[in-house]
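Would you mind keeping the following structure in view while I ask a few things?
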Amino acid sequence: MISELLSGKVDIVGLLLRIPIVLLALSCHEYAHGYAAYKMGDSTARNFGRLTLNPVKHLDVMGTVCMFLFGFGWAKPVPINARNFDNPRKGMAVTAFAGPLSNVLLSFLGLILYNVTILIFTTTGLFFNSSEFVFNIFTVLLTFLSMFHSLNLSLAIFNLIPIPPLDGSRIALLFLPDRLYFKVMKYEQIIQLILLICLFIGLLDGPLTFLITGLSSGMQKIIDIIIGLFI
């Protein structure tokens, strides 16, 4: 996306399809954090009106822009009071993991619908006998589902990186000594700036793409096995 903007060649259809996906992915991500915290005894997110799928309540400007430009981003963190958990370390780790998990599930759902759509069009003959209009709708639908799958998966994996402000930093609290963890958190703003620079120059593209491709392939294999049982 960033190279397309610099060259002046922007896929308008792709950009329009990306908008609802990003809004839904980020909203579900933050809602999952708040819901997990609420179920574990912390109602802070609900009290602040963050236990909602309304994207206006969750969007972080910089994180949303990064999501559009790079496919990796974040939302405004849901407020959580760890003192309300029976086990604060475990509670923080579980609530942090809930966000990426929600996106993995959405990604898997998108891939299922992608495969089902192809099956419907190929087995019913619509793929070869449809009008140009229907074929274009089919193409746009597949593009949307493919982007829905990949963007949710990239959001999940990116947020599991164990550095602030990402969810992985909260999960790391479960394994790191308090002294070391809070020492790292002192430099959150500097780390966030370095993270943005790495995103802009593409330093994270290789490892993140490797992980996304691997997990996506694993999901597709599971779907292939399920389809094979019924066809």
Side-chain angles (χ1 to χ4, degrees), residues 21-55 57-60 63-64 66-67 72-112 148-189 191-192 195 204 207-208 211-212 214-216 218-219 222:
I21 296 173
V22 169
L23 295 180
L24 179 61
L26 292 175
S27 298
C28 287
H29 183 102
E30 293 305 318
Y31 176 84
H33 285 316
Y35 182 76
Y38 179 69
K39 296 299 289 186
M40 296 181 68
D42 177 33
S43 60
T44 306
R46 187 192 66 174
N47 296 339
F48 277 85
R50 297 293 302 280
L51 201 59
T52 174
L53 289 175
N54 182 359
K57 297 286 187 178
H58 300 300
L59 296 186
D60 174 271
T64 304
C66 287
M67 193 70 187
F72 309 112
W74 59 89
K76 186 166 56 177
V78 164
I80 294 173
N81 188 345
R83 289 176 294 182
N84 291 324
F85 299 138
D86 293 334
N87 185 327
R89 280 177 173 268
K90 181 180 177 181
M92 289 296 292
V94 170
T95 54
F97 185 68
L101 177 61
S102 70
N103 294 120
V104 170
L105 294 177
L106 285 174
S107 177
F108 191 51
L109 175 62
L111 191 58
I112 290 174
F148 187 86
H149 164 68
S150 61
L151 284 174
N152 271 285
L153 195 55
S154 66
L155 179 63
I157 292 178
F158 177 71
N159 272 273
L160 287 174
I161 298 176
I163 59 175
L166 305 178
D167 297 323
S169 65
R170 292 181 177 181
I171 299 174
L173 178 60
L174 188 63
F175 307 99
L176 294 177
D178 288 347
R179 180 180 58 83
L180 179 58
Y181 177 79
F182 289 108
K183 187 175 182 179
V184 172
M185 291 299 291
K186 284 172 54 179
Y187 303 98
E188 179 176 355
Q189 292 184 337
I191 294 173
Q192 185 173 357
L195 179 65
L204 297 176
L208 288 175
L211 293 173
I212 293 168
L215 188 52
S216 178
M219 289 181 176
I222 293 175

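Computed over heavy atoms, backbone and side chain alike; hydrogens, waters and symmetry mates excluded.
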### Message
Just so I know, are the side chains of Asn84 and Met40 near enough to count as touching, which here means a heavy-atom distance under 4.5 Å?
### Response
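Side-chain contact under 4.5 Å: no.
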### Message
Please report the interatomic distance OG1(Thr64) to NZ(Lys76), rounded to the nearest 0.5 Å.
### Response
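These two atoms lie 10.0 Å from each other.
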### Query
Quick one: side chain to side chain contact (heavy atoms under 4.5 Å, CB included) partners of Ser150, sequence neighbours excluded?
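Ser150 satisfies side chain to side chain contact (heavy atoms under 4.5 Å, CB included) with no other residue.
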### Task
Heavy atoms only: give me the nearest Val78-Arg170 pair and the separation to one decimal.
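Scanning both residues completely, I find the closest heavy atoms to be O-NH2, 3.9 Å.
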### Message
Test your reading of the model: is there a side-chain donor-acceptor pair from His149 to the backbone of Ser107, 3.5 Å cut-off?
### Response
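Yes, His149 side chain to Ser107 backbone: donor-acceptor pair under 3.5 Å.
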Compile the donor-acceptor pairs under 3.5 Å between side chains in residues 158-167 and protein atoms, sequence neighbours left out, one pair per line.
| unit_1 | atom_1 | unit_2 | atom_2 | d |
| --- | --- | --- | --- | --- |
| Asn159 | ND2 | Gly73 | O | 3.0 |
| Asn159 | ND2 | Leu155 | O | 2.9 |
| Asp167 | OD1 | His33 | NE2 | 3.1 |
| Asp167 | OD2 | His29 | NE2 | 2.7 |
| Asp167 | OD2 | His33 | NE2 | 3.2 |

### Query
To the nearest 0.5 Å, how far apart are OG1 in Thr52 and OH in Tyr31?
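It comes to 8.5 Å.
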### Over all atoms of both residues, closest heavy-atom pair of Leu111 and Ser216
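Here Leu111 and Ser216 meet closest at CD2-O, 4.1 Å.
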### Query
Listed by chain and number, what are the side-chain hydrogen bond (donor to acceptor under 3.5 Å, both in side chains) partners of Thr44, not counting sequence neighbours?
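Here the qualifying residues are Asp42.
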### Message
Applying side-chain contact (heavy atoms from CB on, under 4.5 Å) to Ile112 and Met219, what does each step give before you reach the verdict?
### Response
CA-CA 9 Å; Ile112 290 174; Met219 289 181 176; over 6 Å; no
### Query
Just wondering, more than 12 heavy atoms not from Phe97 lying within 6.0 Å of its CZ?
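Atom CZ in Phe97 is not crowded, with 12 or fewer foreign heavy atoms closer than 6.0 Å.
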### Query
If you round to the nearest 0.5 Å, how far is CG of Leu151 from CG of Leu106?
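Separation between the atoms: 11.5 Å.
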### Task
Please name all residues satisfying side-chain hydrogen bond (donor to acceptor under 3.5 Å, both in side chains) with Asn81, sequence neighbours left out, ordered by chain then number.
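Asn81 satisfies side-chain hydrogen bond (donor to acceptor under 3.5 Å, both in side chains) with Arg83 once adjacent residues are dropped.
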### Task
Flag the pair Asn152 / Leu105 as yes when at least one side-chain heavy-atom distance between them is below 4.5 Å, and no otherwise.
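Side-chain contact under 4.5 Å: no.
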### Query
Heavy-atom distance under 4.5 Å between the side chains of Cys28 and Leu53, does that happen here?
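SC-SC contact between Cys28 and Leu53 confirmed.
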#### Entry: Nearest atoms (heavy-atom pairs only) where Asn103 meets Ala25
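Smallest heavy-atom distance, with atoms named: ND2-O, 3.1 Å.
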### Heavy-atom pair of closest approach, residues Ala96 and Ile171
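The pair with the smallest heavy-atom distance is CB-CG1, 3.8 Å.
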### Task
Output all residues satisfying side-chain hydrogen bond (donor to acceptor under 3.5 Å, both in side chains) with Ser43, sequence neighbours left out; order by chain, then residue number.
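Ser43 satisfies side-chain hydrogen bond (donor to acceptor under 3.5 Å, both in side chains) with Asn47 only.
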### Task
Measure the shortest side-chain to side-chain distance between Val94 and Phe85 over non-hydrogen atoms and say whether it is less than 4.5 angstrom.
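No, too far: nothing below the 4.5 Å cut-off.
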### Partner residues of Tyr38 under the side-chain hydrogen bond (donor to acceptor under 3.5 Å, both in side chains) criterion, sequence neighbours left out
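Counting only residues at least two positions away or on another chain, Tyr38 forms a side-chain hydrogen bond (donor to acceptor under 3.5 Å, both in side chains) with Arg46.
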### Nearest heavy atoms of Pro77 and Arg50, plus distance in Å
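Looks like O-NH1, 3.2 Å.
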### Least distance between heavy atoms, Gly110 atom then Phe148 atom
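Of all heavy-atom pairs spanning Gly110 and Phe148, the closest is CA-CD2, 3.8 Å.
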